[in-house]
Amino acid sequence: MKYIEVILPLPLGNTFTYSVPDEWSKSVQIGMRVIVPFGKKKMYTAIVSLIHSNAPTLYKAKEIIYVLDEKPILRYPQLKFWEWISNYYQAYIGDVYRAAVPSGLKLESETQVRINADYEEETEMSEKEFRILDALSDGKIKNVAELTKDTEITDVMPLVKLLMEKGAVEVSEELTEKYKIKTETYVRLTEEAAYESRLKEIFDELSKAQKQLEMLMKYLDLSKALSKKNTVEVSKKELLEKSGVSTSVLNGLIEKGILESYKKEIGRLDLSVVKTEDPFPLVEFQQKAMNEIYRQFTEKQVVLLHGVTSSGKTEIYIHMIQKTLTEKKQALYLVPEIALTTQLTSRLKLVFGNKLGVYHSKFSDAERVEIWDNLLNGKGYEVIVGVRSSVFLPFRQLGLVIVDEEHETSYKQFDPAPRYHARNAAIVLAQMHGAKTLLGTATPSIESYFNAQTGKYGFVEINTRFKEIELPEILVANTKEAYRKKQMQGHFTPLLMQKINEALTANEQVILFQNRRGYAPYLECKGCAYVPKCKNCDVSLTVHKYLNKLTCHYCGHTESLPGICPVCNTPNLENKGFGTEKIEQEIRDFFPKAKTTRMDFDTTRGKKSLEKIISDFENGRIDILVGTQMVTKGLDFERVSLVGILNADNMLNFPDFRSHERAYQLMAQVSGRAGRKYKRGIVVLQTSNPNHPIIKQVIKNDYFTMFRTQLTERKQFRYPPYFRLIEITLRHRNAKVVDKAARQMASEMVKIFGKRVMGPNIPMIGRIQNFYIKNILLKLENKISPNQAKKYLQSIADTILATEGFKSIRISLDVDPM
Ligand code: ADP
Ligand code: ZN
């Protein structure tokens, strides 16, 4: 009898043994999906992780229900990589599977299925497939378990899979986006009209039909049909838009037999053939840096490229990716979430054409499945540019991994598990492929710079900007003094006001950075000092004036803005502090003629809204862009001459051992947006504390001093890179229960780890969504094996969970928390 070990998409640490009926015993392979029964009448799509012939001794193995695949959906070394993530980050292998594979590939009893209303294709269907479609024909969403009941078919899941592949049903755990086989209508010259001689006649004939002529000209222009070589397909939509002429005009041309329309199936992902261009040739200092990177790759697995903003790091990456492709290997280009914009993808698309795959978290599940399948089946993609989770894609053979903006904390997954750091995981992944990793940034993380200093990583530096434009001049504006002298206009110092005026007069653009969204971080009653708080979390509510609401940034709870203080009933509620919304409003009041837009979490929720703001800014439709740290991320605008940092203080005073490092990074990065193409830019940095060492370091662009000072503190207070942190979080609805459990857990930990245990502490937000939270921090010397420590921690956690009264406590481990 053949047995397999499978990974279930559940928070479970073990694999489970199933037996394989004869019909599949030859075909089943590691990395394939199988449907298995689990628990009470539930079914899941599991992944085969091992094939063997050892019957389990303690129980009788159940049989698998179905093998979904003809070939594995994973490639080597993906399973090994999952195991590394699971071990290092102390996550259940089932959770890793859940995070790694798009939900469209993981049917389970709870998977929601809905008929695709737009499906018209006439493909062959079996009687059972029809029965399932029939059961869904009322348009309602049913899960796999319900379908099984309604149709009385026992093997519903494989059939759903087939129907899904045909596009007849759509499937997702959430069903957020509509799955469609998309078609689009295109327009082309009829065969007859395409003859040059005939075309000339047509022009004459149309001289009386001016609009038709215009449209035809526009078509010829868009399609480049006259050039005969690189003809471009023109969609009906584009033609109508660009020509600004109505459909009836187009119909006229079609009736005359000049143009014809045709339908074309397009993937959700644009795979149409794109014309590519050579990348820009590197300038000398870039070429030198690249050569140096390659030289160091001969000795080191990882190289850190520390290059000032606008030095052309992206261009160097492009050249290196090209070289990787000529070696028939693939490249992974990781970027932080919000840096993945059309600015970057269009640049890459231009060089790599449809060899480029983009993996974005705003993609629908269907799009993710498509990328996964394309990679798996070797359909084209050789370069993936993507966010954190693209480390889980089925690469054939990576040759190069680039982690851009490697210092970005958003590379760390916080919730749910696995709580992995994509930069560090990518380094491990690259190693498994025998590939090299390039970390790039203008402001390295202390950890990476330390690794470079100590020789673990290679190190290459660029101090020159492209076109040798100097780094911006940073001017400090003292807000304390300006307040005292009553010179402030709203939240603007006279200096910042003056510079904005100058920039607008010179027809240049301005970026204003404030690290808080909303109108005011909180409300306070002048009479009784009452502050409205969230009913589910221990945080004050943020004022969003535009929505006329108070909202909680932790759980999303909203309530209407109170007119009077609900405690003392006086109209004394006052906005405290300020966020982007307030700044936007003040700017509109002070500069009514300027076009002002805000870019923050609240204005970029829609799939395309971030893109729109960026392209509007690029095309000069915006003069002043107000935003949160989103405006600091790798954007490349030509006409920005001024960057204003509204308030450096709140970044510096944040109670976290990384806050100074982060403040430096944010300020240096946002400054880097000024003066990139034509002339030196200006930064006005507002603070009440101009003598703060970090402010001084930012002004002098002195990363190294920042690094050295931080390092001393890290050593003294036992933080990374000298110590490894593991944070244990306990959550429960009852404050007393979580308190007692945390104290017990900490005291068990002290028995093993002694003074390395800190806490339990109440985190900055002690209650979120009605769960009370306690943290315990473990600080381990780098030389101590984390694996042994993690084993101890798990067993202590298990003991706590087995204690009477503590069963419903949630304990999570976060290795290398950020
Ligand atoms: P970084 O990533 O280091 O901030 P970018 O790669 O975005 O810098 O380069 C800054 C700007 O300079 C971009 O507009 C880029 O296109 C341009 N640039 C950089 N290097 C070259 C080059 N060798 N040839 C032409 N343009 C370049
Ligand atoms: Zn809340």
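Both counts, for ligands and for their atoms, begin at 1 and track the order of listing.
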Those atoms of ligand 1 less than 4.0 Å from some heavy atom in [X]:
X	result
Pro281	22 (C), 23 (N), 24 (N)
Asp636	11 (C), 13 (C), 14 (O)
Ser310	1 (P), 3 (O), 4 (O), 8 (O), 10 (C)
Val283	23 (N)

With a 4.5 Å cut-off on side-chain heavy atoms, are Leu439 and Val302 touching?
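Yes. Closest side-chain heavy atoms under 4.5 Å.
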
With side chains defined as the heavy atoms from C-beta onward, is the minimum distance between Glu661 and Thr443 less than 4.5 Å?
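Of all side-chain heavy-atom pairs linking Thr443 with Glu661, none is under 4.5 Å.
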
Counting heavy atoms only, which of [options] comes nearest to [atom]?
atom	options	value
atom 20 (N) of ligand 1	Glu284, Glu638, Gln286	Gln286
atom 25 (C) of ligand 1	Phe285, Tyr317, Phe466	Phe466
atom 2 (O) of ligand 1	Asp404, Leu635, Ile318, Thr314	Thr314

Any ion pair linking Arg621 and Asp616 (charged N to carboxylate O, less than 4.0 Å)?
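Yes.
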
Between Arg639 and Glu618, does at least one N-O distance fall below 4.0 Å, as a salt bridge requires?
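A salt bridge is absent here (no side-chain N lies under 4.0 Å from a carboxylate O).
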
Which angle, to 10 degrees, forms at the Zn ion (ligand 2) with SG of Cys552 on one side and SG of Cys534 on the other?
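It comes to 110°.
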
Measuring from the heavy atoms of Ala442, does anything fall under 4.0 Å of ligand 1?
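Ala442 does not count as a contact of ligand 1 under the 4.0 Å cut-off.
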
Close approach, Gly307 and ligand 1, non-hydrogen under 4.0 angstrom
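False for this residue.
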
Does the separation of the ring centres of Phe450 and Phe707 fall below 6.0 angstrom?
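No, too far apart.
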
Is the distance between the ring centroids of Tyr449 and His407 under 6.0 Å?
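They do not qualify: ring centres at least 6.0 Å apart.
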
Check this for me - ligand 1, Leu282, N or O atoms closer than 3.5 angstrom, yes or no?
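No; every N/O pair is 3.5 Å or more apart.
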
What do you reckon, does Arg347 have a nitrogen or oxygen under 3.5 Å from a nitrogen or oxygen of ligand 1?
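No, Arg347 has no N/O under 3.5 Å of an N/O on ligand 1.
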
Heavy-atom closest pair, residues Arg388 and Ala422
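Heavy atoms only, the tightest pair is CG-CB, 3.5 Å.
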
Is a donor from one side chain sitting under 3.5 angstrom from an acceptor on the other, for Asn734 and Tyr772?
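Side-chain D/A pair, Asn734 to Tyr772: absent.
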
